[in-house]
2 protein chains.
Amino acid sequence: MPEDPKPAVTEALRTAILAGEYAPRQRLVEIDLCERFGASRFILRSALQELAAQGLVEFQRNRGARVRDVSFAEAIEITEVRILLEGLLAARAAERASKADIAMLRKLVKDMRAAVNNSELLRYSELNAQLHAAIRDIAAHETAARLLRQLRDQTVRHQFSLSLVPGRSAVSLPQHEAIVAAISACEPEQAERAMRSHLHSVIEAFRALSAAATQL
Amino acid sequence: MPEDPKPAVTEALRTAILAGEYAPRQRLVEIDLCERFGASRFILRSALQELAAQGLVEFQRNRGARVRDVSFAEAIEITEVRILLEGLLAARAAERASKADIAMLRKLVKDMRAAVNNSELLRYSELNAQLHAAIRDIAAHETAARLLRQLRDQTVRHQFSLSLVPGRSAVSLPQHEAIVAAISACEPEQAERAMRSHLHSVIEAFRALSAAATQL
DNA sequence: CACAGTGAGATTGTTGACAATATTGCCGGT
DNA sequence: ACCGGCAATATTGTCAACAATCTCACTGTG
């Protein structure tokens, strides 16, 4: 029963890049990756190509693969699209959520509030991801979910620096509460609006970060 | 000075699939494709993997690649997302269009009207694609444009069967005229609304086609 | 006659080696 | 000391052969 190495290696490499173990614009030397992941160059190359198609790495002819560097400007573009997609998911979730789904969402925001009160930034960030994932699952929109995953992976570095901004969670917590309230009340339009204004505030935060960075 | 075969082969294969030369669920035997495109198996495989990442073909372990079959239900999901993305592009185009851009758009709809009057279905379909591409270029939103291309490629077969529906162009022509009018008037919200209702009618047409097909 | 087992042929998955290209460090001229 | 060219090395791009797996017709048995 031989394993299926390619998806496993692809996932491992994706995780490593998302964890920041390889910096943007850093060259990904195939031999080194082979050693690290215990795979042949062919498998590695396949994995790199898949990640390239998803926008996580980029190829330069005869110069191999690098981690793609997503600029602030591009992160804003990506978030503009996320507004639309996550808005759609929120609306559909409001139409489809079962009692059990709603209970789960409420538990998540409750935990988020607790995390904020205890200043557990990392836990808050984790719960935040879980909440968005839960909404995505409830909405059951395969196409939107797939695209969102791509976009989210590309901006994970920026998401991270955002979560470190002091007071950021205090801003986003009530927004998440509003989203869950609208979904629980089965109000699609309101859920969509709440999600949109939430991500709009993310864009504003990006702009502020970008301005601060260029001042240095 | 050796050429760069991989992108060329990828494009050729994509074009062939989009042109319907390979039917959905048809197996893509690597040797045959090698012969047709004059490339080695390695290059072919790379091309197939890239197209797989873009959702045009799918792999089954030890059974190779097939043309991916996009169901009506999935085509509707995809169009739901297209509504959002193309709506965004229409709004941005309305904000950014220059005089020359507007002149080009107007020429396109004028040609479309002529094509409808002369019952040139193929030409109308071609101009339709050009119009959407022009709006995309004016909007200058790289992220949305990239995603849209993927989605469009996946539904090209359904788009085609739609264009054969009698009277379809008579429905969509005034919608296109409304979109261009809103962009020319620099009215982003109105342009977005016009584009959305246009694609809503596409979904309705899909639903009608789907119902007709299941009746057989 | 139906059906499970089997084996040949076809097709894909993987590997290692080779060729093409870029990168780096060295050397000589000015 | 500085700069441009050149050789050595490192890295990627490509290929052809091999191994693993699936497909399918054939065969022998109940």
Side-chain angles (χ1 to χ4, degrees), chain A residues 1-18 20-70 154, chain B residues 1-18 20-70 154:
Chain A
M1 204 183 304
E3 297 294 321
D4 207 346
K6 193 206 155 191
V9 171
T10 306
E11 264 330 290
L13 180 53
R14 185 208 311 281
T15 304
I17 292 174
L18 292 184
E21 297 182 38
Y22 298 95
R25 307 208 44 86
Q26 178 172 345
R27 284 185 62 173
L28 298 169
V29 178
E30 298 180 358
I31 300 281
D32 300 348
L33 300 177
C34 286
E35 194 151 331
R36 165 162 182 181
F37 295 108
S40 69
R41 266 189 68 205
F42 182 89
I43 300 292
L44 244 290
R45 241 168 138 47
S46 299
L48 284 173
Q49 292 205 13
E50 185 163 337
L51 295 183
Q54 290 173 20
L56 234 66
V57 309
E58 64 188 350
F59 273 88
Q60 284 177 303
R61 166 86 184 179
N62 287 325
R63 243 176 283 185
R66 318 169 86 92
V67 178
R68 195 160 85 88
D69 184 28
V70 175
Q154 289 174 32
Chain B
M1 206 182 306
E3 296 294 322
D4 208 347
K6 192 205 154 193
V9 171
T10 306
E11 265 328 291
L13 180 52
R14 166 190 281 122
T15 304
I17 293 174
L18 292 183
E21 296 181 36
Y22 298 96
R25 306 206 47 84
Q26 178 173 345
R27 284 186 62 175
L28 297 169
V29 178
E30 298 180 359
I31 299 282
D32 299 349
L33 299 178
C34 286
E35 193 151 335
R36 163 160 183 182
F37 295 108
S40 70
R41 263 189 71 204
F42 181 90
I43 298 292
L44 244 293
R45 250 177 122 57
S46 298
L48 284 172
Q49 293 207 12
E50 185 164 338
L51 295 182
Q54 291 174 18
L56 234 67
V57 310
E58 64 187 351
F59 274 88
Q60 284 177 302
R61 167 87 183 178
N62 286 327
R63 243 176 282 185
R66 319 169 83 94
V67 178
R68 195 161 85 88
D69 185 27
V70 176
Q154 288 175 32

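Naming: A, B, ... by sequence-line order, numbering from 1 per chain. Remember, it's a predicted structure, so these values are computed and weren't measured experimentally.
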Requested in this report: Report the distance from atom NZ of A:Lys6 to atom C1' of C:dT14, rounded to the nearest whole Å.
Outcome: 14 Å
Query raised in the report: Hey, can you pull the residues of residues 31-42 of chain B with a non-hydrogen atom under 4.0 angstrom from DNA chain C?
Result: B:Arg41
Query raised in the report: Would you call A:Glu21 and A:Arg36 a salt bridge, using N to O less than 4.0 angstrom?
Result: yes
Report summary line: Under a 4.0 Å heavy-atom cutoff, the residues of residues 49-60 of chain A touching DNA chain C are none
Query raised in the report: Which part of the nucleic acid does A:Leu28 contact within heavy-atom distance under 4.0 Å: base, sugar-phosphate only, or nothing?
Result: sugar-phosphate
Query - Smallest separation among heavy atoms of A:Arg66 and A:Leu28, with atom names - result: C-CD1, 4.1 Å
What's touching nucleotides 22-24 of chain D from the protein side, N or O pairs under 3.5 Å?
unit_1 : atom_1 : unit_2  : atom_2 : d
D:dT23 : OP1    : B:Arg63 : NE     : 3.2
D:dT23 : OP1    : B:Arg63 : NH1    : 3.4

Query raised in the report: If you take all heavy atoms of B:Leu56 and B:Gln154, which pair is closest and at what distance?
Result: CD1-N, 4.1 Å
Query raised in the report: Is there a donor-acceptor contact under 3.5 Å from the side chain of A:Glu58 to the main chain of A:Arg25?
Result: no
Query - A:Arg27 vs A:Gln60 side-chain heavy atoms within contact, under 4.5 Å - result: no
**Report entry** Shortest non-hydrogen contact between B:Ile43 and B:Lys6, atoms and distance
**Finding:** CG2-CA, 4.0 Å
Report summary line: When every non-hydrogen atom of A:Leu44 is compared with those of A:Glu30, the smallest separation belongs to CG-O, 4.3 Å
Query raised in the report: What residues, two or more places apart in sequence or in another chain, satisfy salt bridge (Lys or Arg N to Asp or Glu O under 4.0 Å) together with B:Arg68?
Result: B:Glu74
Query - Length of the CD-P vector between A:Glu30 and C:dG16, whole Å - result: 15 Å
Requested in this report: Could you list the residues that satisfy side chain to side chain contact (heavy atoms under 4.5 Å, CB included) with B:Pro7, not counting sequence neighbours?
Outcome: B:Asp4
Query raised in the report: Can you list the residues that meet the side chain to side chain contact (heavy atoms under 4.5 Å, CB included) rule with A:Ala23, with sequence neighbours excluded?
Result: A:Gln26
Query raised in the report: Nearest-Å distance, CZ (A:Arg45) to P (C:dG16)?
Result: 16 Å
